[in-house]
Peer 1: 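Take this structure first; my questions come after.
Residue numbering restarts at 1 for every chain, and letters A, B, ... go by the order of the sequence lines.
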Amino acid sequence: MIITRFAPSPTGHLHIGGARTALFNWLLARGQGGQFVLRVEDTDAQRSKEEHTQAILAAMSWLGLDWDGEPVYQSARFELHRQHIQKLLADGRAYWCHCRPEDIEAKRQEALKAGGKPRYDGHCRELGLGPAPGGVIRFKSPPTQTVSWPDLIKGPISVDSEELDDLVLLKSDGNPTYNLAVVVDDLTMGVTHIIRGDDHVNNTPRQILLYQALGANLPQFGHVPMILGQDKARLSKRHGATSVMAYKEMGYLPQALNNYLARLGWSHGDQEIFSLQEMVELFSLKRVGKSASVFNPEKLNWLNAHYIKQTSTEELGRLVWPYLAAQNLTCPNPGYLAQAMATVRERGKTLVELAEKAAFYFQALPPLNPKDALKLLTSTGLAYLAEVGQELRRAFPQTHEALDELLKNLASAHNVKMGQIAQPLRLALTGQTASPGLFDILNILGPERVNQRVQAALAFKPNQAEADRA
RNA sequence: GUCCCCAUCGUCUAGCCUGGUCCAGGACACCGGACUUUCACUUCGGCAACAGGGGUUCAAAUCCCCUUGGGGACGCCA
């Protein structure tokens with residue numbers, strides 16, 4: 001059985017790149033009936049925060065990426081890590097190093113200046129030193145050999161061990177380093193497939209050497225390409241929102257984000273739309289591309305719009321309501337909300353947009369857009385509106401055709417286009433010139449609200465407004 | 001600087017492994033048309049790419065090499 005893992009460090013929120021890595025691991029495990037485990041890489045006590053862990057778990061849950069068992073905290077396994085370090089020490093595969101950080105840094109700078117790679121020079125390697133305050137334990141890299149592995153995504157990769165220096169395994173504070181902890185944990189947790197970000201490619205040969213020194217079999221490695229911003233630089237805050245929860249707040253659906261993230265790098269022929277279940281069935285690392293990809297919010301919008309259209313009006317109501325409630329709006333009843341959603345569902349790309357477009361249904365009197373009011377509620381516009389209001393009071397249209405006829409009759413009576421009649425009414429009812437279909441609005445608002453809004457708009461004083469503007 | 005990786009429309013990608021069916025397909029975005037009382041939706045059509053140069057071959061987007069470009073890594077961070 002395969003075991004995959006997602007191993008975030010709780011030093012921040014779950015970002016887009018991490019979410020995709022998590023998704024790929026999850027898809028791989030679920031697709032093959034394996035396990036997907038979560039490991040919190042909190043070896044850095046300074047930067048790790050429990051609140052970040054909780055935020056990451058919340059984001060995972062929102063995306064629907066469930067993990068098997070309880071999350072494993074790396075910090076709870078330090079003893080295990082130290083045992084493995086002791087073993088390496090005993091086997092002569094590691095040694096104590098007393099070099100001062102400043103000296104090492106100086107040597108790095110020198111090496112860099114000389115055009116070389118800034119790596120540790122192995123000063124303490126053969127000194128046979130013992131424990132000392134401020135000392136660290138380093139891995140004794142084996143002599144020249146080529147380290148290579150068949151990367152599940154990138155294909156064969158090989159590195160000359162000459163390039164690798166003696167990395168620190170135990171820090172001077174007595175805690176293990178990332179590279180040691182990862183290897184020990186993946187090993188002891190039985191992880192079979194390590195799917196992680198591209199930025200770890202350089203760690204892999206070091207870790208392979210550690211596996212070998214520990215006498216362990218190698219897991220499979222796969223490195224997923226980075227996600228870039230529009231300028232092709234690594235995706236970061238300056239490109240806009242990067243955290244998964246920020247997308248939730250902006251009104252994106254988890255299905256949309258999952259679908260988008262999956263298609264960013266992975267493909268299955270020409271198919272664009274995938275449910276999570278479908279992805280589970282179809283996902284394969286072989287179909288993941290090797291090159292980095294640019295994050296494209298437009299396409300995410302398109303997918304989000306697609307999934308919004310797929311969502312029932314009742315469900316949409318539940319999802320959109322928080323945004324409406326935040327504006328202190330009230331809702332007559334759940335049915336009203338669902339009806340409103342039905343009319344805006346195809347007009348917005350995010351839940352936030354839906355809330356904006358549906359707000360007028362819930363406002364006591366939607367504020368008239370000043371520019372549009374000035375343009376439409378002229379003396380003739382108001383005259384038309386008064387007439388429409390009268391007609392509506394006399395016979396409130398029960399069908400789309402009835403409204404159509406009402407508007408048509410008025411238009412031809414005054415020898416104007418339908419828009420001349422319809423737009424002032426639209427403005428009166430919604431405060432805007434762009435809105436759902438008039439009949440739907442009429443039908444949902446009902447005669448009473450419609451009459452209120454028309455009367456309120458009729459009170460608009462074009463001349464006064466002109467004066468105010470001047 | 002050194003090492004590793006990558007390279008098809010503006011973007012995500014199919015095709016590349018197993019050369020010919022590709023004057024390169026799909027999607028997003030963009031531009032037109034249709035629909036229409038607004039805005040959308042939908043629909044029809046359009047624009048748009050094999051980074052450059054050498055090979056190999058009857059034939060290369062597909063294989064090889066170089067150049068260029070991009071990304072990543074080089075921590076007692078993860």
Peer 1: Expressed in whole Å, how much space separates the C1' atoms belonging to B:G45 and B:C35?
Peer 2: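 Going atom to atom, C1' in each nucleotide, I get 15 Å.
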Peer 1: Going by the ring pair (Phe, Tyr, Trp, His ring centres under 6.0 Å) test, which pairs reach into residues 403-436 of chain A, not counting sequence neighbours?
Peer 2: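 For residues 403-436 of chain A, and leaving out neighbouring residues, the ring pair (Phe, Tyr, Trp, His ring centres under 6.0 Å) pairs sorted by first residue read A:Tyr384-A:His414.
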Peer 1: So A:Pro436, base contact, sugar-phosphate only, or nothing? Heavy-atom distance under 4.0 Å.
Peer 2: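 It contacts base atoms.
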Peer 1: Does the structure show a Watson-Crick or G-U wobble partner for B:G20, both distances under 3.5 Å? Name it, or say none.
Peer 2: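 Per the H-bond distance test, B:C58.
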Peer 1: How about A:His400 and A:Asp440: does a side-chain donor come under 3.5 Å of a side-chain acceptor?
Peer 2: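 Per modelled atom types, A:His400 and A:Asp440 side chains form no pair under 3.5 Å.
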Peer 1: Touch check for A:Glu41, heavy atoms < 4.0 angstrom, all strands: base, sugar-phosphate only, or nothing?
Peer 2: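 Sugar-phosphate, backbone atoms only, no base.
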Peer 1: With a 4.0 Å cut-off on heavy atoms, is A:Arg263 in touch with a base, just the backbone sugar-phosphate, or nothing at all?
Peer 2: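 Base contact.
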Peer 1: Counting the atoms with a prime plus P, OP1 and OP2 as sugar-phosphate, which does A:Gly437 contact under 4.0 Å by heavy atoms, base, sugar-phosphate, or nothing?
Peer 2: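 It contacts base atoms.
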Peer 1: Can you find a pair of side-chain heavy atoms, one from A:Leu385 and one from A:Val454, that are under 4.5 Å apart?
Peer 2: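 Yes. Closest side-chain heavy atoms under 4.5 Å.
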Peer 1: For A:Ile157, which contact category applies under a 4.0 Å heavy-atom criterion: base, sugar-phosphate, or nothing?
Peer 2: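 A:Ile157: backbone/sugar contact only, no base atoms under 4.0 Å.
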Peer 1: Apply the test side chain to side chain donor-acceptor pair (under 3.5 Å) to residues A:Gln207 and A:Asn179: give CA-CA distance (whole Å), side-chain angles for both, the deciding distance (0.1 Å), then the verdict.
Peer 2: CA-CA 7 Å; A:Gln207 293 176 10; A:Asn179 274 300; 2.8 Å; yes
Peer 1: Regarding A:Arg196, tell me which of base, sugar-phosphate or nothing describes its non-hydrogen contacts under 4.0 Å with the strands shown.
Peer 2: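 Counting heavy atoms under 4.0 Å across all strands, no contact is made by A:Arg196.
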Peer 1: What integer number of Å spans the C1' atoms of B:U21 and B:C39?
Peer 2: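 That atom pair is separated by 46 Å.
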Peer 1: For B:C77 and B:G10, measure between their C1' atoms and round to the nearest Å.
Peer 2: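 That atom pair is separated by 36 Å.
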Peer 1: Now, which nucleotide makes the Watson-Crick or G-U wobble pair with B:U37, with each of the two distances under 3.5 Å?
Peer 2: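 The base-pairing partner of B:U37, which may sit in any strand shown, does not exist here.
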Peer 1: Go ahead and name the base partner of B:C76; Watson-Crick or wobble counts if both distances stay under 3.5 Å, otherwise write none.
Peer 2: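 Pair assignment: B:C76 / none.
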Peer 1: Under 4.0 Å, counting only non-hydrogen atoms across every strand here, what does A:Val294 touch: a base, just sugar-phosphate, or nothing?
Peer 2: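 Contact class for A:Val294: sugar-phosphate only.
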Peer 1: Before accepting this row, confirm whether a basic side-chain N of the pair A:Lys154/A:Asp198 lies closer than 4.0 Å to the acidic partner's carboxylate O.
Peer 2: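 Salt bridge flag = yes for A:Asp198 with A:Lys154.
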Peer 1: Looking across every strand, which nucleic acid part, if any, lies under 4.0 Å from A:Ser435 by heavy atom: base, sugar-phosphate, or nothing?
Peer 2: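 Base contact.
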Peer 1: Rounding to the closest angstrom, what is the interatomic distance between B:A24 and B:A14 at atom C1'?
Peer 2: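 Their C1' atoms lie roughly 10 Å apart.
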Peer 1: Between B:G15 and B:G75, how far apart are the C1' atoms? Round to whole Å, please.
Peer 2: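 My reading of the C1' atoms in B:G75 and B:G15 gives 43 Å.
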Peer 1: Looking only at atom P, what distance separates B:U67 and B:C74, rounded to whole Å?
Peer 2: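 26 Å, rounded to whole Å.
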Peer 1: Please state the C1' separation for the pair B:G25 and B:C9 - nearest whole angstrom.
Peer 2: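 Result for the C1' pair: 12 Å, nearest Å.
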Peer 1: Looking for any heavy atom pair under 4.0 Å, which part of the strands does A:Asn203 touch: base, sugar-phosphate only, or nothing?
Peer 2: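 Since a base atom lies under 4.0 Å of A:Asn203, the category is base.
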Peer 1: Sticking with atom C1', work out how far B:C3 lies from B:C16, rounded to a whole angstrom.
Peer 2: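 Roughly 27 Å separates the two C1' atoms.
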Peer 1: Which side-chain N or O atoms in residues 116-123 of chain A pair as donor and acceptor under 3.5 Å with protein atoms at least two apart or in another chain?
Peer 2:
unit_1: A:Lys117; atom_1: NZ; unit_2: A:Glu163; atom_2: OE1; d: 3.4
unit_1: A:Arg119; atom_1: NH1; unit_2: A:Glu162; atom_2: O; d: 2.9
unit_1: A:Tyr120; atom_1: OH; unit_2: A:His123; atom_2: N; d: 3.3
unit_1: A:Tyr120; atom_1: OH; unit_2: A:Cys124; atom_2: N; d: 3.1
unit_1: A:Asp121; atom_1: OD1; unit_2: A:His123; atom_2: N; d: 3.1
unit_1: A:Asp121; atom_1: OD2; unit_2: A:Lys107; atom_2: NZ; d: 2.8

Peer 1: Mind checking A:Ser158 for me? I need base, sugar-phosphate or nothing, with any heavy atom below 4.0 Å counting as a touch.
Peer 2: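 Since only primed, P, OP1 and OP2 atoms lie under 4.0 Å of A:Ser158, the category is sugar-phosphate.
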Peer 1: Examine the side chains of A:Asp42 and A:Ser75 and answer whether a donor and an acceptor come within less than 3.5 Å of each other.
Peer 2: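 Looking only at side-chain atoms, A:Ser75 and A:Asp42 do form a donor-acceptor pair, the distance falling under 3.5 Å.
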Peer 1: Looking at A:Asn25 and A:Thr4, would you say the former's side chain and the latter's main chain have a donor-acceptor pair under 3.5 Å?
Peer 2: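 Flag not set: sc A:Asn25 to bb A:Thr4 has no pair under 3.5 Å.
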Peer 1: Both A:Trp149 and A:Ala233 contact RNA chain B. Which one's nearest nucleotide lies toward the 5' end?
Peer 2: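 Checking each residue's closest nucleotide, the 5'-ward one belongs to A:Trp149.
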Peer 1: Base, sugar-phosphate, or nothing for A:Lys357, non-hydrogen atoms under 4.0 angstrom?
Peer 2: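 A:Lys357: no heavy atom of the nucleic acid under 4.0 Å.
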Peer 1: Over 60° means perpendicular and under 30° means parallel, so tell me whether A:Phe295 and A:Tyr260 are parallel, tilted or perpendicular.
Peer 2: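 Plane angle over 60°, so perpendicular.
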Peer 1: Check every strand shown and say whether A:Cys97 touches a base, only sugar-phosphate, or nothing at a heavy-atom separation below 4.0 Å.
Peer 2: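 It contacts nothing in the nucleic acid.
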Peer 1: Check every nucleotide of RNA chain B for an atom under 4.0 Å from a heavy-atom of chain A, then give the first and the last such nucleotide from 5' to 3'.
Peer 2: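 Endpoints of the contacted stretch of RNA chain B: B:G1 to B:A78.
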Peer 1: Could you tell me whether A:Ser172 contacts a base, only the sugar-phosphate backbone, or nothing, with contacts defined as non-hydrogen atoms closer than 4.0 Å?
Peer 2: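 Contact class for A:Ser172: base.
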Peer 1: What does B:G10 pair with, Watson-Crick or G-U, if both distances are under 3.5 Å?
Peer 2: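 Base-paired to B:C28.
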Peer 1: Which sits closer to the 5' end of RNA chain B, A:Asn296 or A:Asp160, going by the nucleotide each is nearest to?
Peer 2: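 Whichever sits nearer the 5' end wins; that is A:Asp160.
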Peer 1: If you look at every strand shown and take non-hydrogen atoms under 4.0 Å, does A:His223 touch a base, only sugar-phosphate, or nothing?
Peer 2: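 No contact.
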